[in-house]
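Worksheet for the structure shown next.
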Amino acid sequence: MEYNFREIEKKWQNYWLEKKSFKVGIDHQKPKYYVLDMFPYPSGAGLHVGHPLGYIASDIFSRYKRLKGYNVLHPMGYDAYGLPAEQYAIQTGQHPAITTERNIKRYREQLDQIGFSYDWDREVRTCDPVYYKWTQWTFIQLFHSWFNNHLQAAEPINTLIEEFEKNGNTKVNAACGEIDKFTAENWNSWDEKQQQETLMYYRLAYLSDTWVNWCPELGTVLANDEVKEGYSVRGGHPVVRKLMKQWSLRVTAYAERLLQGLEEVDWSESLKEIQRNWIGKSEGASVNFKVSHHEEEIEVFTTRPDTLFGATFMVLAPEHEMVEKITKPEHREKVDEYVKMAKNRSERERMAEVKKITGEFTGAYAINPLSNEEIPIWVADYVLAGYGTGAIMAVPAHDSRDYAFANHFNIPIREVVSGGDISRGSYDAKEGTLINSGFLNGMDVSKAIKATIDKIEELGVGYGTVNFRLRDAIFSRQRYWGEPFPIYYKDGIPYALSEDKLPLELPEVESFLPTETGEPPLARAKNWETEEGYPLETNTMPGFAGSSGYYLRYMDPRNDKEYFSKEAIEYWRDVDLYIGGIEHATGHLMYARFWNKFLYDLGYVVEEEPFKKLVNQGMIQGRSNIVYRLKGTNTFISKNRLDTDLTDEEMKKAGVSERRPEVIPMHADVNIVDNDVLDTAAFRNWRQDLAEAQFILDDEGKYVCGYEIEKMSKSLYNVVNPDDLIANFGADTLRMYEMFLGPLTDSKPWDTKGIEGVYRFIRKFWRLYHDNNGNLNVTEEEPTKEEFKVLHKTIQKVEDDIERLSFNTAVSAFMICANELSDLKCTKRAILEPLAVLISPYAPHIAEELWHKLGHRPSVAYAEFPEFKKEYVIENTFNYPVSFNGKKRFELELPLDMPKEEIEKAVLEAPEAQKWIEGKTPKKIIIVPKRIINVVV
RNA sequence: GCCCAGGUGGUGGAAUUGGUAGACACGUUGGACUUAAAAUCCAAUGGCCAUUGCAUGGCCGUGCGGGUUCAAGUCCCGCCCUGGGUACCA
C-alpha cells in the first residue's frame, strides 16, 4: 500500500483548522517568538511556485520554534488595497471590493493546501474598516506631531504651539519646511488661518505644494520608490514631474535614526546597503555666496569645502528661485527658454539625455566668500532642485560633472588638490595636498575640510552641515481604492477628524474615474463631508499606508479600543524573523521603520526597530522551453538536429531547399514538455495556428526542446502553479522540494523534473514505518548503536541547519537518514518516533499521520523537539586521509586517542606510504586530529 | 560610472572554522522485475590517460592570471563575466 497523500493531507488540514491548532494568545509561561511573512497583495493570477517559497521557510521555522517550546505568533493577512483591482474596476465597472474578496478567497484556498500553521483568527485586511481605522488613527497622530531635532524625537504639536506663544520659532530646532523666523508677538497676532498654515511647516503629516511624480496613465501621484527609471514600478507607465498640493510624511526627520538603526538589526548586508544608499547621508558644508550688484545671497551645499578656492563657476537648478531674479536682461530670453525646456522635460527624457551637456549663462556673477573672486553663475539641469539647496559651487578640477561642463563651455579649470592630472580629467579623490588655496595650502584634504568649515563659520558665511538624499514620502493618491484621509477642510484649512469619528469609511461612488474637472474619484461621493458640512479630503492614502504597521495589529487584531493593547505589545514586542522579497527595500521597509519609530517616540511601541532579523528569499526563475521553427514554415526541428543536415525527405516535408535552414526559436508551454521532450500531439492542440505543425525528430523519434532561464511569466509560458504539483505529489513533497532547490536567499530556476526525487523520498520515508502490506510496522526493541547514531547525527544536522536557515541541506540530511535506516532495516520505535517529530516542520502532514498512528495525541505540532545526545555519535577511530605534499594518497584508520608520535609511526610504516617516501626522511608531518595527516617530503 | 552579491560536473546544489572537492537529488547509461508500460529496486556517472580479471594506478580539475601556506573552492593582489541596487545626489 502506497502512501495516500491526497487523503491524509486533506484530513490533517481539516483537523488543524477545526481544532484551531495554531491559535495563540499571550502566555507568560513561554517565551514568545514572532515569525512574519511579508503581506501579500492578492492578485487575480493566484500563486505560482515562486510565491510560497518564503512562506514555506517561515512555516518550517515557526513549527520548529513551537517544538522548541516557544509561543509562536505566525499570522497572515492581505495588503488588499492596490492598483490592479482598481484598474480592473475602471475597465469593467466591477467594484474593487468584490474582485479583492474573490482573489483573497482563491489565495486562501491555495495557502491552505500547502499546510501552513497560521493563526487565521488573526487575519487582517488593509481594506477592512476595522483595520484601517488604525491606519487613519496613526495619520492623525502624525498630523498632530512635530519633530524636535534637539531630542531627535517626535513630540505633540501642542508643545510647539506653547513654544511659539512664548518665543516664536526663534529657538526652535525642528525638522520642517523652509520658513522664515517669527517672534511670539508675530504668532500671537496672527489669525487662526495663518497659525494653521505655519504649523503645517512642522507637522509630520503635512500638506504642501511639491514637485511630484505624476503618472498620467494611472491618473495619480507616485512616491519615489514607486518610480524606476522614469516609469511606474506597477504597470510601467511614463512618469512626469508636476507641482501639486499633496500630503507628505516627514520621513526625512528620521533620516539619521533610520540610518543608525541599521546597525542594530540582523539584516543582510546588501539590504542594509540599499537602505543606506537610499538615505544617502553626506557630510559637508553650506556656503553663502554674495551675488555681484545684488542684495541676495545664494547658498550652496558641498561635500568638498576644501576645494572652495577651485570654484570657477556656480550652477543653479532651472527651478531655483534666484534664476528669475539675477538673470541679466541681455541673457533673459535664452535663459527663460532653457528653463522652460528643462522644466517641461519628462523625467524620462532628462535621464535619456544625461550625457548631453546643456546650460545657459545668466550674466550674473557670484563672489567667492574666501577669495572674493567673481565667478559666473550658470543655470543647468545637471543640478537638481530637490537636493541640497539646488545650487552648487562648481569645482571642475575635482568633480567630473563640473569638469565636463567647464570643458564644454570653456570655463577655466583650477587645480587645488595635487595628485591628479587635470589636463586629462578631474581628480575627485579625497587624497592629496592643497595648492593654490591661500591659507589651506599644504594641508591634506581632511584637514583642509575642517579648516574651511572653521573659517566660514568664523566669518559667518557658512557652516558645516549634513545632507540626505532621502525625500519626504508623498502620501496622497488620486485614486478610489485606498484609505480615506481623516481630514476635513474649514475655510480651506485642513483639520484632522477627532478620533471618535474613526473609521472614516470609504464611500460608494458611481464611477472609479476622476471627475470631469480632474478631481479624484472620491469627489464623486455623495455627502462626502462632516456632520457639520465641511468637505472631506478627496485623496486617498497610498499602498504603503496599510502595510506600514500591520505587524503591530497582528498582536491584537480584534481590539476595537486601541491599535493594540499595552499587554500585547509588551509581550510580543517586535518581529523576530521577517521573511520577504528584496523589492521592498526602499519602500515598505523604510516606511514601516519610520512608522514604528514614530509610535515609539509617542510611547505606543516598545522596540525602536520593528524587524529584528530579516531574510530576503531569492526569486524563483522560470525554466522556459524553446522549440525551433524553420523560418517561414510550420515545421519544427528538434534541438539535437540543429547541427545535422536535413534528409531529402525532411526537406520535402518542410518545403525548404537548404540542408541547414534558418530557424526561429519560440517559447513552448512548459506544461506540455516532459524532461525537455515535447508532447507533439499536445503541442498541436495548444494553439490553433499549430494544429498542422510538422516535426523533424531525432534518431529516437523524440522532439527535444532547448531551455532558457528567465523570469516566471505568463507571456513566456513557463509558469508552474502549486495546485497541479500538490495534486500530483502532495503538499509535503512540494514544501520539501521548494526548500531542496537551494539556499533560501539565492535566486534559482524552477525545474519541475526534480520534484520526483523528493516524492520518492517521502514514500521511502513512509515505508520505514510500514511493511509491504501497508501495515504499521514499528517494534519496541532496543535500537542498535548504529541506528542511534544515524538518528542523532540527523538530529544534530537538522537542528543546526534550521537555526541558520539552511533548509536545503536539512532536506538532504533527511534523505541520507532515510537511506541509511532503510539499509539497516530499522523498525524501532525509539528511532522512528523522534524522527517523525524531527521532520514535522518540513512535512507536517505525513508527520502528523505517523504521530497519530504511533498512538500520540494531540498534534505533533506541540511535541518536543528530539534532544541531540552526543554520546551516540562519538567515534573511537577516524579514517584519516593521508597526503604527501598536500596530495591525498591513501586512507588510514586510526584511533582518535592515539598520540601524535604513534600516528607518525603508523603512517610511515603503512605499506602504501613506502612508494611516496622513497627512502627519504620526511621533513615534516602535520597531524590535525580528526581531520588530516600531511607528510612533507 | 559608482555600490553590493556571486561564478564549483550535463543540471540544482554540498563542502558551517584553510584540512578527503563534487554530499544529496535530477538527468544520462546499463541491469533486475514485467507479456508490455508505469512504479520500484540495483549499479555506473567531473575530464583525460594507462594497464586491464569484475580491478588498479597516474595526470588535470572549483571563471582567468599571480601570491601566501605543509595544505586554498575557502585567505591576499590583479583581471574577466553574471545578477541586483543606484544614477548627474555636488
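In what follows, chains are A, B, ... by sequence order, proteins preceding strands, each numbered from 1.
- Proximity of A/K753 to the phosphate of B/G27: a side-chain N or O atom is located under 4.0 Å from OP1 or OP2.
- In terms of position on RNA chain B, the residue among A/N934 and A/N277 whose nearest nucleotide sits closer to the 5' end is A/N277.
- Sequence order on RNA chain B of the closest nucleotides to A/I274 and A/K764 puts A/K764 first from the 5' end.
- Within 3.5 Å, a donor on the side chain of A/K797 pairs with an acceptor on the base of B/U16, or the reverse.
- Regarding contacts with the backbone of B/A5, every side-chain N or O of A/N616 stays at 4.0 angstrom or more from both OP1 and OP2.
- One can place CZ of A/R623 at 10 Å from C1' of B/C26, the figure rounded to the nearest angstrom.
- Inspection of the A/T252 and A/D472 side chains reveals an N or O donor paired with an N or O acceptor under 3.5 Å.
- Within the 4.0 Å cut-off from OP1 or OP2 of B/U40, at least one side-chain nitrogen or oxygen of A/R763 is found.
- For the pair A/R889 and A/F884, the NZ or CZ position fails the cation-pi test of under 6.0 Å to the six-membered ring centre and within 45 degrees of the ring normal.
- OP1 or OP2 of B/A90 sits under 4.0 Å from a side-chain N or O of A/S282.
- As judged by a 4.0 angstrom heavy-atom cut-off over every strand, A/N675 is placed among residues touching the sugar-phosphate backbone only.
- One interatomic measurement links the two molecules: NZ of A/K430 to C1' of B/A90, which rounds to 11 Å at whole-angstrom precision.
- One finds no side-chain N or O of A/R889 lying less than 4.0 angstrom from the OP1 or OP2 phosphate oxygen of B/G57.
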